[in-house]
2 protein chains.
Amino acid sequence: MKDLKYSRQREAILDNLKSRVDHPTADMLFQSLRKDDPKISLGTVYRNLSLLTEIGRIKKLSDRNGIERYDYNTTDHYHFACKACSKLIDLPTGIIAGLDEKAKHEDIGIVENHSLIFYGYCKECYQKMLYIDSKKAV
Amino acid sequence: MKDLKYSRQREAILDNLKSRVDHPTADMLFQSLRKDDPKISLGTVYRNLSLLTEIGRIKKLSDRNGIERYDYNTTDHYHFACKACSKLIDLPTGIIAGLDEKAKHEDIGIVENHSLIFYGYCKECYQKMLYIDSKKAV
DNA sequence: TTTCATGCAAACCTTTTGCAGGATA
DNA sequence: TATCCTGCAAAAGGTTTGCATGAAA
């Protein structure tokens, strides 16, 4: 792996990601960053996100549309994804102990970690659905 | 939702998917199907996979490269993904029960289901790694 | 004969890459 | 000055879509 040099853009990307809780896509980050730095390019955002993921400073998550999202929090934790608005939320639930061991006894190889995402409807979207249903019922 | 009519291609897609255990991508299915039906098109494969997913006949999985994979088995079960060769393997059901309940008590909305994927190295890839390491050690 | 499905190709969207110039150490 | 990084634009890879034709009900 080659040596990293300081870069203003990389620092901005990391700061921006740190400041938010919405696990943005590369493009969401790009749109936000270009407000302060109109010359920043999407390619730079992608390149730095890959780099930061490689060295373990951030984490990459695949949402169910196959679009990658990024997480500043690299500690083990789980997520909740809204099926309606695609919002991705951290869950305070602790990591479930011994989960990797449970898979391990199968005849599959080496189990290192796991990804657990809960799906459903966030409070906001659920409220909207209730409202629509109530109008139908009239 | 509109009415489905019978289609030879859709039946072939479903049969092919049923016959395999590797959770293929759309293109893997396409490559396999065109051996029997050289005129089938990739667009048809995609359209039918979406359709079948919508009506719940099959399930869609996102692997960590953001490429979609398809599963004939729609019952609840978990998967193991090899970080080296991207192989995706079924794990026997019922490793953990009541997982949705764990998320539910949080203040997030409605939890309907979840996706749990274990990551590691399959037996084949692990063997290869051991072999490479042993040569290095000499 | 109406509705749905197909093949083909173009379009689309996210992500990667080549390259010449710019910043860092 | 050697190495890394950037912006830009083009290319790549997966997926969707428009359209004219074909099959099913």
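Convention: sequence-line order gives letters A, B, ...; per-chain numbering from 1. From a predicted model like this one, the values you see are computed outputs, not experimental measurements.
For the pair B/Glu54 CD and C/dC4 P, the computed distance is 14 Å after rounding to whole Å. Here C/dG22 presents its C1' atom at 15 Å from CD1 of A/Ile40, a figure rounded to the nearest Å. A straight line from CD1 of A/Ile67 to C1' of D/dG13 spans 15 Å, rounded to a whole angstrom. Between B/Lys60 atom NZ and D/dT16 atom C1' the separation is 11 Å, expressed in whole Å. When the P atom of C/dT16 is taken as reference, atom CG of A/Leu49 falls 10 Å away, rounded to whole Å. Separating the CG atom of B/Leu42 from the C1' atom of D/dG13 is a distance of 11 Å, rounded to the nearest angstrom. In this structure, B/Tyr46 places its OH atom 18 Å from P of D/dG18, rounding to the nearest Å. Atoms CG (B/Asn65) and C1' (D/dA12) sit 15 Å apart, rounded to a whole Å.
A/Asn48 comes within 4.0 angstrom of sugar-phosphate atoms only, judged by non-hydrogen atoms across all strands, and of no base. Among the protein residues, A/Leu4 comes within range of the sugar-phosphate backbone only, with heavy atoms under 4.0 Å from sugar or phosphate atoms but none that close to a base. In this structure, A/Tyr6 reaches the sugar-phosphate backbone alone: every heavy-atom distance under 4.0 Å involves primed, P, OP1 or OP2 atoms, never a base.
Nucleotides of DNA chain D nearest to A/Arg8 and B/Tyr70 differ in position, and the one nearer the 5' end is that of A/Arg8. Mapped onto DNA chain C by nearest heavy atom, B/Lys5 and B/Asp37 fall at different nucleotides, with B/Lys5 at the one closer to the 5' end.
Side-chain contact, A/Glu68 with A/Thr25: no donor N or O sits under 3.5 Å from an acceptor N or O. Counting only N and O atoms by type, the side chains of B/Ser41 and B/Thr44 include a donor and acceptor under 3.5 Å apart.
Counting only heavy atoms from C-beta on, B/Arg47 has its side chain closest to C/dC8 among D/dG7, C/dC8, C/dT15. Side-chain proximity of A/Thr44 to D/dT15, D/dG7, C/dG7: nearest is D/dG7. The nucleotide whose nearest atom lies closest to any side-chain atom of B/Glu68 is, among D/dT15, C/dA5, C/dT6, D/dT15.
Regarding contacts with the backbone of C/dT6, a side-chain N or O of B/Ser7 is found under 4.0 angstrom from either OP1 or OP2. In terms of phosphate contacts, B/Gln9 brings no side-chain nitrogen or oxygen within less than 4.0 Å of OP1 or OP2 of D/dA23. Residue A/Ser41 has a polar side-chain atom (N or O) positioned under 4.0 Å from OP1 or OP2 of D/dG7. In this structure, B/Arg10 reaches the C/dA5 phosphate: one of its side-chain N or O atoms is under 4.0 Å from OP1 or OP2.
Checked by atom type and distance alone, the side chain of B/Asn65 never pairs as donor or acceptor with a backbone atom of B/Ile67 at under 3.5 Å.
A ring-centre distance under 6.0 Å is found for A/His114 and A/Tyr78.
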Take A/Asp76 and A/Lys59 through the test salt bridge (charged side-chain N to carboxylate O under 4.0 Å, His left out) and record every step on the way to the result. CA-CA 10 Å; A/Asp76 283 337; A/Lys59 255 186 172 171; 3.6 Å; yes

